[in-house]
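Remember, it's 1-based here, ligands and their atoms both numbered in the order they're listed.
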Amino acid sequence: MSSQGQSSAPMRVLVTGGSGLVGQAIRRVVKEEGGAKEGEEWIFLSSKDANLINKEETLAVFKKHRPTHVIHLAAMVGGLFKNMKCNLDFLRNNIYINDNVLQAAHEVGVVKVVSCLSTCIFPDKTTYPIDETMIHNGPPHDSNFGYAYAKRMIDVHNRAYFQQHGGCYTAVIPTNVFGPHDNFSIEDGHVLPGLIHKTYIAQKEGKPLTVWGSGNPRRQFIYSLDLARLFLWVLREYPEVDPIILSVGEEDEVSIKEAAEAVVESLGFKGQVVYDTSKADGQFKKTASNAKLHRYLPDFKFTPFKEALKETCDWFVANYETARK
Ligand SMILES: NC(=O)c1ccc[n+]([C@@H]2O[C@H](COP(=O)([O-])OP(=O)(O)OC[C@H]3O[C@@H](n4cnc5c(N)ncnc54)[C@H](OP(=O)(O)O)[C@@H]3O)[C@@H](O)[C@H]2O)c1
């Protein structure tokens, strides 16, 4: 399915979830890397501007800003352990947020919406590498089925929207994102920011670093600033309603053990590292193919993992007092 969703007038872009990990990276690329073109207006929302779970507040904020384009990031987001505790909340909150945002966008005449799915919403039992055609091919992993089904409905919504109204509402599918402004909570955050925080504390207290799980699961990580650059390309150029995976290559997948070792190196941690195998591992792997991205952008260069991780660790140490944790 292809629909350009482009117009010649300068864009007015509303970014939902503009205060989060991905939103802050887009803000930086727009403001500091010349990501915005002349005449464009970029508005970054946080939950303080509108609670997008609420339909009236959502429509009001869209009527206030009258965007032509939307990057929709706002979501209830969390790591494995928070997902396992709160599948119902992840399902309901995200269904409401997505329906409210996409419907409000329609009501104010938005030309293009780029929403955000995730590779962790793909079927648990699948063949690898996973690609964009496989989203609905079977149940997601038990640990995060609430989040996964709510996210999958964005793709259903986009296709139905195209069929009924012809507009270009599309979605990107990033792998695990990390970078400055992440949620570094050990209990509720994703694996990498959680590891960074734990290592920082272990270093400070002179104690061993305990990594949850066996360390064997494998993940592809994408630096938030690379993702932000790709988001701008999708908003401006990607012509399809069907989603696109934004990921480093399959060869760049790393085990949690390798990720932990890279964090240890970045923070200069000298203590002992132990693996607590009584804690859940989550899905063993979810290797994604970036072949579609590669066909569109064969020359895109991802920041090397260790370089991006070092920048993230340095940011966390420099912003320890105010970082989300
Ligand atoms: N992080 C990853 O590894 C990853 C991987 C794949 C896909 N994604 C997707 O990428 C998108 C951005 O994720 P992120 O990691 O940047 O998340 P994040 O750092 O947790 O940020 C979430 C954003 O959503 C906003 N938000 C949450 N609930 C809201 C509500 N009820 N009303 C209005 N705004 C609300 C938050 O606003 P406040 O700051 O005001 O709370 C914040 O700006 C999400 O759609 C997520 O599913 C993330």
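- Checking only distances, S19 does come within under 3.5 Å of ligand 1, N or O to N or O.
- In summary, the side chains of E311 and Y223 do present a donor paired with an acceptor at a separation below 3.5 Å, with no hydrogens or angles considered.
- Distances shorter than 4.0 angstrom do not occur between any heavy atom of N183 and any atom of ligand 1.
- In this structure, N93 falls outside the shell of residues with a heavy atom less than 4.0 angstrom from ligand 1.
- Of all protein heavy atoms, the one closest to atom 17 (O) of ligand 1 is V77 CG2, 3.7 Å.
- Each of L246 and V77 belongs to its own hydrophobic cluster when Ile, Leu, Val, Met, Phe, Trp and Tyr are linked at side-chain heavy-atom distances under 4.5 angstrom.
- In terms of protein heavy-atom proximity, atom 31 (N) of ligand 1 is nearest to N51 OD1, 2.9 Å.
- Of the N or O atoms in L73, one or more lie within a sub-3.5 Å distance of an N or O in ligand 1.
- Under the 3.5 Å distance criterion, with hydrogens and angles disregarded, a donor-acceptor pair is assigned to the side chains of N98 and H72.
- Residue V22 has at least one nitrogen or oxygen atom sitting less than 3.5 Å from a nitrogen or oxygen atom of ligand 1, judged on distance alone.
- Note: an N/O pair closer than 3.5 Å links G20 and ligand 1 by distance alone.
- Here L52 has heavy atoms under 4.0 Å from ligand 1 in both its backbone and its side chain.
- Side-chain N/O atoms of H106 and Y161 include a donor and acceptor closer than 3.5 Å.
- Counting heavy-atom neighbours within 6.0 Å of H294 NE2, excluding the residue itself, gives a total of 12 or less.
- For the pair K151 and ligand 1, the shortest N or O to N or O distance falls below 3.5 Å.
- Counting non-hydrogen atoms of other residues, nucleotides and ligands closer than 6.0 Å to CZ of R12 gives a total above 12.
- A heavy-atom separation below 4.0 Å is not found between G78 and ligand 1.
- When non-hydrogen atoms are compared, ligand 1 lies under 4.0 Å from neither the backbone nor the side chain of C120.
- A cation-pi arrangement, defined by a distance under 6.0 Å to the six-membered ring centre and an angle within 45 degrees of its axis, is present between R152 and Y149.
- Within the set L192, T58, V177, the minimum heavy-atom distance to atom 2 (C) of ligand 1 is found for V177.
- Any N or O atom pair closer than 3.5 Å counts here, and P174 shares no such pair with ligand 1.
- For ligand 1 and T175, the ligand atoms under 4.0 Å from any heavy atom of the residue are 5 (C), 6 (C).
- Nearest non-hydrogen protein atom to atom 24 (O) of ligand 1 is A74 CA, 3.3 Å.
- For ligand 1 and I53, the ligand atoms under 4.0 Å from any heavy atom of the residue are 31 (N).
- With atom 27 (C) of ligand 1 as the reference point, the heavy atom nearest to it among A75, G17, S47 is part of A75.
- Among all protein heavy atoms, the one lying closest to atom 7 (C) of ligand 1 is L117 O, 3.2 Å.
- Of the listed options E57, H190, R324, R324 places a heavy atom closest to atom 18 (P) of ligand 1.
- Side chains of S278 and D276: a donor-acceptor N/O pair is present below 3.5 angstrom, by distance only.
- Using cut-offs of 30° and 60° for the angle between ring planes, the Y200 and F316 rings count as perpendicular.
- In this structure, the ring of Y275 has its center no less than 6.0 angstrom from the ring center of W212.
- Of the protein's heavy atoms, A50 O, 3.2 Å lies nearest to atom 33 (C) of ligand 1.
- Side-chain contact between F122 and D131: absent, with no pair of heavy atoms (C-beta onward) separated by less than 4.5 Å.
- Nearest residue to atom 14 (P) of ligand 1 from T16, N100, L21 is L21 (criterion: closest heavy atom).
- Against a heavy-atom cut-off of under 4.0 Å, Y147 is close to the following atoms of ligand 1: 46 (C), 47 (O).
- Judged by a 6.0 Å distance limit and a 45° cone about the ring axis, K310 is not positioned over the six-membered ring of F305.
- In the displayed structure, K306 atom NZ is contacted under 6.0 Å by at most 12 heavy atoms of other residues, nucleotides or ligands.
- Ligand 1 is never approached by I222 to a heavy-atom distance shorter than 4.0 Å.
- Within the 4.5 Å cutoff, side-chain heavy atoms of L21 are placed close to those of V177.
- Put simply, no part of H72 is less than 4.0 Å from ligand 1, judged by heavy atoms.
- With hydrophobic clusters built from ILVMFWY side chains whose heavy atoms lie under 4.5 angstrom apart, V61 shares a cluster with Y169.
- Checking T287 against E253 by side-chain atom types alone, a donor-acceptor pair falls below 3.5 Å.
- Within the set G179, C116, A171, the minimum heavy-atom distance to atom 10 (O) of ligand 1 is found for C116.
- Under 4.0 Å from ligand 1, not a single heavy atom of M76 appears.
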